[in-house]
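The structure appears below as structure tokens.
As the structure lists them, so they are numbered: ligands from 1, and atoms in each ligand from 1. Note that the structure is a prediction, hence the values are computed from the model and not measured. For reference, positions follow the sequence shown, starting with 1.
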Amino acid sequence: MEDPPPEYANGYYDEAVEQLREREYPSLKDVTYLDHAGTTLYAKSLIESFSRDLTSNLFGNPHSASASSQLTTNRVDDIRLRVLRFFNADPDVYDLVFVANATAGIKLVADALRDYGERRSGFWYGYHVESHTSLVGVREVADAGNKCFMTDDEVEKWIAGLGEDAPPTSPEDETPKLFAYPAQSNMTGRRLPLRWCKEICQARKGNCFTLLDAAALISTAPLDLGDPCLTPDFVVLSFYKIFGFPDLGALIVRKDSGHVFRRRRYFGGGTVDMVIALGTQWHAKKEVSIHDQLEDGTLPFHNIIALDSALEVHKRLYGSMANISSHTGLLANELFERLSSLKHYNGSPVCQLYTSPSSSYTDRSTQGPIIAFNLRDSRGNWVGKSEVEKLASVKGIHLRSGTLCNPGGAASHLGLNDTEMLQNFSAGQRCGDEHDIMQGKPTGALRVSFGAMSSWGDVTTFINFIQEFYVDKGPVVAPALSTPIANSRFYVESLCVYPIKSCAGFKVPQGMSWRVNREGLAWDREWCLIHQGTGVALSQKRYPRMALIRPYIDLDRGVLRVTCGGLLSSTEEGHLEISLARDDPELVSAEMCQNSMQKSSTVCGDRVIVQVYSSPAVSSFFSDFLGIPCTLARLPPQTFTRYSKAHPAERPVHERPDMSMPGSFPDATSSRGKPQQNPILLSNESPILLISRSSVNRLNESIKANSKTGTGINKAVAADVFRANIVVAENLSATTAASGECSGEQPYIEDSWTSLRIGPHGLEFDVLGSCRRCQMVCIDQLTAERREEPFSTLAKTRRIGGKIFFGRHIGLSSSSCTGDDDDGSEGRSIRVGDAVIPSYD
Ligand SMILES: *Cc1c(COP(=O)(O)O)cnc(C)c1O
């Protein structure tokens with residue numbers, strides 16, 4: 001990567017951005033934040049200044065006579081003007097209405113127009129295809145019709161035609177029209193022509209209004225409402241996109257068009273001069289100003305007051321929005337150039353960038369600092385966006401993916417038509433899920449966006465990330481498998497059950513036989529923790545501390561004993577005991593039958609009924625430790641029916657490669673849209689997860705080879721991060737002695753197993769598929785800390801078709817399932833040290 005160009009090195013701000021970041025944005029230490037289009041970040045000085053303002057003043061509810069109230073009123077009046085000036089808007093021409101966010105401003109305009117026409121017959125709505133969902137939604141209240149303009153040409157033709165309409169007899173006769181578009185696309189960063197506002201204003205006869213969505217633009221560019229070419233009737237924006245804080249929005253209204261709000265029906269709080277509440281239904285609306293008429297209820301005055309600090313600190317740090325535009329534009333252009341020129345070893349491009357022919361990264365007036373794209377491998381296959389996100393999250397890179405709240409922009413860039421989108425929806429695709437590629441096309445894009453405090457280092461980090469993981473340096477070859485050695489030397493090294501999903505495992509003691517059921521090892525994932533507010537089962541991916549909740553199965557006493565806390569921590573966090581019996585009269589049954597409630601719980605979108613322990617002692621035990629309101633739930637018996645032998649034909653082994661690891665939850669991908677399947681379950685997708693010690697060893701060798709030498713950090717991982725039920729290992733000396741062969745370990749040979757037998761009775765298991773991994777493997781199971789490995793190295797060494805696999809899912813084979821589940825025969829159990837005899841393709 002090259003050094004930054006002189007413009008960057010000289011800096012657009014008074015201070016070098018690196019220095020400014022260190023002082024003002026401590027949260028950026030160790031992370032690469034590339035989602036400024038989602039929200040930019042607030043400076044430390046902003047928060048400190050705001051906090052000083054609050055602690056040194058007494059602010060009352062505005063509009064009373066008291067000094068504290070007057071202070072608030074005055075400050076709000078001043079700030080309103082100050083914000084108008086920030087946008088160079090003449091206060092004689094424009095008024096500013098404080099609203100919750102840009103969306104609330106849009107809704108206010110839409111609601112007013114619905115009631116505005118003489119006959120209240122609604123309004124007609126036109127919007128540009130690159131609109132944010134918040135603009136698209138207006139079409140639902142536009143009773144007189146709507147149109148999505150697919151191209152700029154269409155918009156310009158329509159504008160040209162506006163003047164040709166016969167002039168209406170009276171202005172209010174005509175059905176009002178509203179045309180809305182984003183000043184900048186929040187998906188691609190394209191900046192749309194601002195002159196449309198002026199052209200519509202000039203061409204219009206009667207009631208045709210423009211609504212400019214400036215929410216994305218104002219984050220990194222000046223909005224100059226003093227420019228005679230820019231004459232929107234309504235402008236909406238959110239302040240957090242400029243300053244990072246406060247969470248507040250504005251609707252700027254051209255006073256000439258303020259009459260639109262005259263017929264607004266609702267009133268509330270301070271927007272009326274007098275209301276008769278008893279008897280006659282009469283009220284007098286405030287006529288003084290537009291904002292007085294529209295700001296219902298108490299203003300968010302503390303948030304408004306924060307704008308003073310925000311404006312001041314922003315000016316001190318950055319000087320002007322023009323500086324920010326130049327700074328971020330330079331970064332975006334650099335990243336764009338770099339991404340465009342990335343090639344795989346065979347010359348094929350790595351990135352598909354979504355850009356508009358009418359914009360250019362070298363021209364700030366047509367392009368903002370946002371880049372939307374997808375990745376392909378060297379064979380031209382798409383790389384799933386959520387796979388990239390998982391790896392990015394491990395690397396501390398924050399980016400955005402999906403359709404980015406920009407349905408029209410996404411569909412047109414991704415080449416998805418209505419029919420395809422509906423098909424994808426029927427097939428289960430939902431906002432935010434992992435249906436990355438459907439019918440051979442990506443369903444969303446990746447987006448990186450820069451903000452005022454982004455740096456050259458962010459560009460470098462991101463490019464290095466793409467280069468390291470997504471540029472194929474040579475032909476992708478499937479890892480070669482060693483030829484199986486005739487005499488199997490595999491044995492069960494350890495057995496582990498996870499009584500509470502996503503919590504620590506319980507190691508089966510040496511010498512103890514452990515029962516195997518169709519659904520998996522006995523007591524495996526019988527319980528889970530659910531959020532008391534949402535009913536959602538908790539996962540370690542989100543709450544790493546769950547790794548420190550340690551269940552212990554005490555079969556002699558018939559209890560599940562749970563302790564919390566680090567193994568090495570000296571503080572005794574107490575413990576909890578739950579009866580293993582479903583109908584234990586002493587503790588559980590009492591809780592479950594009398595006090596427990598049936599509560600539906602959401603796991604991957606399916607609702608299942610679980611038994612919840614409603615005892616405050618149980619819920620506070622877990623809630624206090626995790627710091628989230630949650631409680632323990634027991635899964636109903638016999639929910640693990642997916643692999644029951646009654647349905648073997650439904651899921652051939654080879655069609656099921658996508659299974660999750662125990663303790664994580666199945667992807668939404670794998671459970672939706674297959675109505676014929678057995679009812680779903682709080683369980684994982686597979687009964688038992690098996691990994692091989694030899695593979696863990698090989699992985700650790702790769703991690704060592706990949707990590708920069710001399711860092712002194714040992715990045716090797718323990719086998720327990722994979723949360724397997726069975727770890728198999730190879731007895732090397734045994735083979736050598738028996739066969740005279742002298743060969744090393746056989747890492748990843750388990751990938752070619754189709755079935756295996758374990759133990760003296762040869763209990764038979766089918767291999768059901770490989771285990772797809774997510775960043776949860778990065779959670780150290782002893783300390784609950786998130787690390788970079790092993791996911792980084794897995795991504796480099798174990799990625800097949802864009803997905804990362806490690807370990808195998810297995811389940812009792814049908815032949816082993818004959819007989820009563822409760823026959824208690826020794827044959828249905830396994831123990832540490834048992835021999836493992838695999839079969840191969
Ligand atoms: C962010 C954004 C919005 C929505 O802003 P809210 O604060 O969520 O109301 C609308 N349009 C564009 C272009 C945006 O970037």
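- Taking the six-membered ring for Trp, Tyr181 and Phe149 have ring centres at least 6.0 Å apart.
- A perpendicular orientation is assigned to the rings of Phe234 and Phe261, their planes being inclined by more than 60° (bins at 30° and 60°).
- Atoms of ligand 1 lying under 4.0 Å from any heavy atom of His132, numbered from 1 in the order shown and given with element: 2 (C), 3 (C), 4 (C), 10 (C), 11 (N), 12 (C), 14 (C).
- In this model, no donor atom of one side chain and acceptor atom of the other lie less than 3.5 Å apart for Arg139 and Tyr125.
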> Can Trp158 and Phe179 be said to form a side chain to side chain contact (heavy atoms under 4.5 Å, CB included), step by step?
Replying inline: CA-CA 10 Å; Trp158 173 76; Phe179 177 74; 3.7 Å; yes
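- Among all non-hydrogen protein atoms, the one lying nearest atom 9 (O) of ligand 1 is Thr103 OG1, 2.5 Å.
- At a heavy-atom distance under 4.0 Å, only side-chain atoms of Asp213, from C-beta outward, approach ligand 1.
- Heavy-atom contacts of Ser238 reach the following atoms of ligand 1: 5 (O), 6 (P), 7 (O), 9 (O) (cutoff under 4.0 Å).
- Nearest non-hydrogen protein atom to atom 2 (C) of ligand 1 is Lys241 NZ, 2.4 Å.
- Geometrically, ligand 1 and Ala102 share a nitrogen or oxygen pair separated by less than 3.5 Å.
- Residues His291 and Phe98 place their aromatic rings such that the two centres sit no closer than 6.0 Å.
- A centroid separation of 6.0 Å or more is found between the aromatic rings of Phe50 and His302.
- In terms of protein heavy-atom proximity, atom 8 (O) of ligand 1 is nearest to Tyr240 OH, 3.5 Å.
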